[in-house]
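Everything below concerns the one structure shown next.
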Amino acid sequence: MPVQVRLPAPPHVAAQLGGQAKNPTFFDFGAQVTPIGLLKGFLMDKILILDFGSQVTQLIARRVREAGVYCEIQPFNRTDEQIRAFDPKGIILSGGPASTTEEGSPRAPQAVWDMGVPVLAICYGQQTLCMQQGGMVEGGHHREFGKAELTVMEACSLYDSVWPVGSKQQVWMSHGDRVTKIPDGFKVVAASVGAPFAFIACEARKIFATQFHPEVVHTPDGAKLLSNFVHKVCGLGNDWSMKAFRETEMAKIREQVGSAGRVICGLSGGVDSSVAAVLIHEAIGEQLTCIFVDTGLMREGEGDEVVSLFRQHYNIPLVHVDAREMFLGALAGVTDPEQKRKIIGKLFIDVFESEARKVGDAAFLAQGTLYPDVIESVSFIGGPSVTIKSHHNVGGLPDRMNLKLIEPLRELFKDEVRVLGRELGLPESFVERHPFPGPGLAIRVLSDITEEKLAVLRKADAVYLDEIRKAGLYNEIWQAFAVLLPVRTVGVMGDGRSYDHVLGLRAVTSVDGMTAESYAFEHAFLAKVATRIINEVRGVNRVVYDVTSKPPGTIEWE
């Protein structure tokens, strides 16, 4: 609904909204302005992150948001017109796997250099900056991968009050090529052994470039450098918060759905879909119907918890579909994890289509897609970055499906979703629940799916999580779960020989799921868990623990 509002506004905002100046300070936007138009045009200044295909580009966005500034990631090949229309107050160029020395490698749009806004170029971003601005980049020099020591040579506004001149600082490098000549107007402010131009700056133009990655945790002060960029260099305040995100997303949902549109939302039992459902319900109320599909692939007791929370606590219209036989039948004999994911994704769509017809006139499908889902599923630039694995709720819907997507969490990381859940008043037990993959236990049984294997895994997983909770470790761990391995081993149980399943245990610490380290349990704890599982879960005679970090591994095994 249009609103009559009178607020202080800079001239460019008033011009965009078509308002008329009533005095030098205030603009009367008039009845033609919708709430979402007001929010988009007035509420927040923005940082634009241009993605060159790095697997950690989303971490840049994470750090910028931690600093209280809104940002968006867009592909590097945006047109000059699109970049100007976005009206960024600063631009960050990400890293990427390509080489600027190769013909046809990605370049930044000319608008990046012509708009006059501050620029921070990272890794590949630094290399393309130098190539485009008159410098040089070469391959075949000393490569740096991992931690490196940087010598701070001169003062720079980007690390003002963070790094003293003359100090040694730890950073994280990942490059084969390196800059060998910097453009005119730039100076070297810090260097490493392998990268003599590791940190360059042109203070007059407010352009800075680093060969290292400030966005990763292995650069301890990297978050402070990014905070300095958005606050001290770009001059932005702390306008973005989860409260602001909540209000903005609610307005976007209302604008997208309208006053009469109907939405169906698939509940998986996890944090993401639950938060998405509550947010959408707060925005449009009874226009939302949630569909909980019991696939037979959930953890112990989760189905009852979902039904109780949404029907009794929130009084959200909920359709509970028992589709266990359908899913298990379709998965029978399937061992390939990608095929499992695609089968489950297709069946979800089939069920939604069927239920949408029963709900009547549903035009929208809501999903709890997150940023890490997107980055692992599809490249922004269609070439340099690599698909790690597909996600059943990423990539759009088939043409035959007459439902439009609503994905209010698509730009959020998992920890941000938890903050939003608290903002919306979800129970802490739901907000702190460990992540659970959309395909459920299907990708934690590392072989063909059977009822017997699911029962073994479900019970073993429950024992494992029970011991973690009893030890007071649940909230210290990002994600913990068991996997049923596709091997059997010989054991001795009682006075007889056993030949049963091997169970793998996994627990990791992480901030946002993009990188992770295995949790360092005490040996006595793991021994206790293994003993309980072998004693209580018929069909398991050996337990192992996974100590692989991400990267090189992923958190899930499949």
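Note that these values count all heavy atoms, side chains included, but never hydrogens, waters or copies made by symmetry.
With Glu66 contributing its side chain and Ser227 its backbone, the two residues share no donor-acceptor pair below 3.5 Å. Of the possible polar contacts, one joining the Arg506 side chain to the Ile555 backbone as a donor-acceptor pair under 3.5 Å is found. Using a distance-only test at 3.5 Å, with no hydrogens or angles considered, no donor-acceptor pair links the side chain of Glu432 to the main chain of Ser429. At least one donor-acceptor pair under 3.5 Å links the side chain of Arg458 to the backbone N or O of Met298. The backbone N or O of Leu318 lies less than 3.5 Å from a partner atom in the side chain of Arg311, making a donor-acceptor pair. Arg418 contributes a side-chain N or O that, together with a main-chain N or O of Val431, makes up a donor-acceptor pair within less than 3.5 Å.
A salt bridge links Glu302 with Arg299: at least one charged nitrogen is closer than 4.0 Å to a carboxylate oxygen. Between Arg532 and Glu467, at least one side-chain nitrogen of the basic residue sits less than 4.0 Å from a carboxylate oxygen of the acidic one, meeting the salt-bridge criterion. Between Lys459 and Glu536 no salt bridge is recorded (no basic side-chain N to carboxylate O distance below 4.0 Å). Salt bridge annotation for Asp466-Lys470: present, with a cationic side-chain nitrogen under 4.0 angstrom from a carboxylate oxygen. Between Arg422 and Glu428, at least one side-chain nitrogen of the basic residue sits less than 4.0 Å from a carboxylate oxygen of the acidic one, meeting the salt-bridge criterion. Salt bridge annotation for Glu72-Lys46: absent, with no cationic side-chain nitrogen under 4.0 angstrom from a carboxylate oxygen. Between Lys550 and Glu556, none of the side-chain N atoms (NZ, or NE/NH1/NH2) sits under 4.0 Å from a carboxylate O, so this pair counts as no salt bridge. The residues Glu247 and Lys243 are annotated as not salt-bridged, no charged nitrogen and carboxylate oxygen being separated by less than 4.0 angstrom.
Between Phe525 and Phe521, the angle of the ring planes stays under 30°, which puts this pair in the parallel group of the 30/60° scheme.
Using modelled atom types, one finds no donor on one side chain facing an acceptor on the other under 3.5 Å when comparing Thr295 with Arg324. Side-chain atoms of Glu407 and Thr369 include a donor-acceptor pair closer than 3.5 Å. Counting only N and O atoms by type, the side chains of Asp448 and Thr335 include no donor and acceptor under 3.5 Å apart.
Exactly one residue among Ile92, Ile60, Asp45, Ile47 makes a side-chain contact (heavy atoms from CB on, under 4.5 Å) with Cys71. That residue is Ile47. Among Phe481, Tyr474, Tyr519, the single residue meeting the ring-ring contact (aromatic ring centres under 6.0 Å, His included) criterion with His434 is Tyr474.
Side-chain contact between Leu309 and Phe430 is present, with heavy atoms from C-beta onward closer than 4.5 Å. For the pair Ile406/Val257, a side-chain contact is recorded, criterion being any heavy-atom separation below 4.5 Å from C-beta on.
Under the 6.0 Å distance and 45° angle rule, Arg246 does not count as a cation-pi partner of Trp240.
Between Ala480 and Leu465, the shortest heavy-atom contact is O-CD2, 3.6 Å. The nearest pair of heavy atoms linking Glu286 to Asn315 is OE2-O, 4.4 Å.
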